[in-house]
Amino acid sequence: MDNQANNPIKRIGVLTSGGDAPGMNAAIRAVVRACTYYGIQVYGIKRGYRGLLDGDMFEMNARSVSDIIYRGGTILQTARCHTFRSHEGIVKGKKMAEVFQLDALVVIGGDGSFKGALEIAREGLPVIGIPGTIDNDIGCTDYTIGFDTAMNTVRDAIDKIKDTASSHERCSFVEVMGRNAGYIAMNCAIAGGAEVCLIPEKPYNIDVDVVKKIIDCRNRGKHHYVVIVAEGVGGTMLLAEEVKNITGIETTATILGHIQRGGSPTVKDRVVAGMMGVKAVQCLKNGEVNKIIAYKGDKCVAIDIEEALAVQKQLDPDIILASEILNV
Ligand code: ATP
């Protein structure tokens, strides 16, 4: 991929795409303010690639992003745009960028959004990606904007569920988001002191990995048991019912759902979003394009988009082991 812009970048578009994540607003703010600082014009594009195709965009300035740093969601809104998955859609997106004289596009979103960004870069529109998804499932980066806030929401829910579970001596099944990855589940199992954590990365056996562990806990005198189930495992309601039938212990199932996507972003999400947004604009200013801004060892680095998309992410075996040790 050609990693240099041929001409100086004078005007860019910024959009949010895919699932929303707390901290996306902080990232938009950072991009807009950094553009202001470096003398680059910036257009906010509404509803992700949908808005690009429709030409639904407006000029932003430092004031357009006042008072949004603490707000969840995205002021630009987001969407999943089916048309953009086709070559015709990509060509139309490139054409609309020409109509609005955009020299580059900053895409805040997940892996899918970056695949779209790569396709439009291949048509000749320079891009920069900023990882924004609660799932933390993007291979090239240690961290994605929204992950910490979502985990804190889950941790808070587990704490509350535990209070009521111990009063009734129940076993509580809690399903958390994360698509096909167990990052939220595993981290929150440790943070919430869960007895069992089921993740898509590790197949489980109901007798050995769930029922036996819960009975062991009961025999050790515990009054409540929390089982975290990752979205990628699913089937939480049925699982809770089955465990009740086998053990005779009362079970409840809670699907946390979209509350995990909302809320005011944590300090970590605001700071990472700020750093990534500034780094994205610095890259554009230096003519370094077609990159994903990755967070590596507390620093933001720019990685070639094709290389970045090829990196597979694996849940650290140490965290899986730690969770099992701490459950004992
Ligand atoms: P999240 O991880 O939060 O779901 P995401 O960015 O992975 O975020 P997707 O729904 O996969 O979410 O992708 C968002 C949008 O990116 C899609 O609706 C589509 O417009 C575009 N997109 C996804 N994959 C491609 C592709 N292969 N080619 C072109 N565009 C794509």
Side-chain angles (χ1 to χ4, degrees), residues 1 13-25 27-28 45-57 72-74 76-97 105-125 127-141 143-151 153 176-185 200 230-232 256-263 265 269 272-273 276 290 292-295 305-306 308-313:
M1 189 93 251
V14 59
L15 58 81
T16 49
S17 170
D20 67 329
M24 278 186 163
N25 276 330
I28 296 166
I45 301 169
K46 303 290 291 286
R47 296 175 286 109
Y49 293 122
R50 175 80 269 147
L52 179 64
L53 298 185
D54 294 345
D56 190 359
M57 55 185 93
T74 153
L76 293 177
Q77 298 176 292
T78 181
R80 301 195 197 266
C81 173
H82 193 63
T83 316
F84 204 72
R85 290 177 182 269
S86 66
H87 184 66
E88 198 191 346
I90 300 287
V91 170
K92 192 166 176 232
K94 166 77 170 32
K95 180 70 211 161
M96 203 49 96
L105 198 61
V106 173
V107 173
I108 305 167
D111 256 338
S113 305
F114 295 161
K115 283 181 194 150
L118 174 59
E119 291 307 319
I120 204 164
R122 284 180 173 147
E123 287 299 313
L125 178 67
V127 297
I128 299 276
I130 296 180
T133 165
I134 63 166
D135 304 333
N136 201 27
D137 60 352
I138 299 180
C140 67
T141 182
Y143 190 80
T144 61
I145 297 165
F147 180 49
D148 190 56
T149 308
M151 285 195 301
T153 301
V176 304
M177 280 184 165
R179 296 238 283 204
N180 300 319
Y183 291 94
I184 294 178
E231 176 183 20
L256 289 184
H258 280 84
I259 62 161
Q260 295 162 93
R261 289 261 184 89
D269 279 323
V272 174
M276 285 183 169
N290 304 333
I292 302 293
I293 306 301
Y295 198 70
I305 186 166
E306 261 174 318
L309 281 172
V311 183
Q312 296 294 319
K313 198 162 187 174

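When a ligand or atom number is given, it counts from 1 through the structure's own listing order. The structure presented is a predicted model; accordingly, all values stated were derived computationally and were not measured.
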Who's the nearest protein heavy-atom neighbour of [atom], and how far?
atom	value
atom 18 (O) of ligand 1	Cys81 N, 2.7 Å
atom 15 (C) of ligand 1	Ser17 OG, 3.5 Å
atom 3 (O) of ligand 1	Gly19 N, 3.2 Å
atom 30 (N) of ligand 1	Gly116 CA, 3.2 Å
atom 27 (N) of ligand 1	Lys115 CB, 3.7 Å
atom 10 (O) of ligand 1	Arg80 NH1, 2.5 Å
atom 6 (O) of ligand 1	Ser113 OG, 2.4 Å
atom 22 (N) of ligand 1	Gly112 O, 3.2 Å

May I ask you to decide if [Y]'s main-chain N or O and [X]'s side chain share a donor-acceptor pair within less than 3.5 Å?
X	Y	answer
Ser86	Gly89	yes
Lys115	Leu309	no
Asp111	Ile138	no
Tyr143	Pro131	no
Tyr295	Ile145	no
Thr78	Gly48	no
Glu123	Val91	no
Thr141	Ala294	no

Taking distance alone, with N or O pairs closer than 3.5 Å, would you say [X] contacts ligand 1?
X	result
Tyr49	no
Arg85	yes
Gly132	no
Gly109	no
Asp137	no
Ala79	no
Arg179	yes

Per-residue contact class, Arg50 against ligand 1 - non-hydrogen pairs under 4.0 Å =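 Looking at Arg50 and ligand 1, no heavy atom falls under 4.0 Å.
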Would you mind listing which atoms of ligand 1 come within a distance below 4.0 Å of any non-hydrogen atom of Gly110?
->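 Contacts of ligand 1 toward Gly110, numbered from 1: 5 (P), 6 (O), 7 (O), 8 (O).
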Only one of Asn136, Asp137, Asp135 clears side-chain hydrogen bond (donor to acceptor under 3.5 Å, both in side chains) with Lys313; which?
->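 So, applying the side-chain hydrogen bond (donor to acceptor under 3.5 Å, both in side chains) to Lys313 and each of Asn136, Asp137, Asp135, only Asn136 qualifies.
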Just wondering, are more than 12 heavy atoms of other shown residues or ligands nearer than 6.0 Å to CG in Asn180?
->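 Counting neighbours around CG of Asn180, 12 or fewer heavy atoms of other residues, nucleotides or ligands fall under 6.0 Å, so no.
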Do the rings of Phe84 and Tyr49 sit parallel, tilted or perpendicular, given the 30° and 60° boundaries?
->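 Rings of Phe84 and Tyr49: parallel, under 30°.
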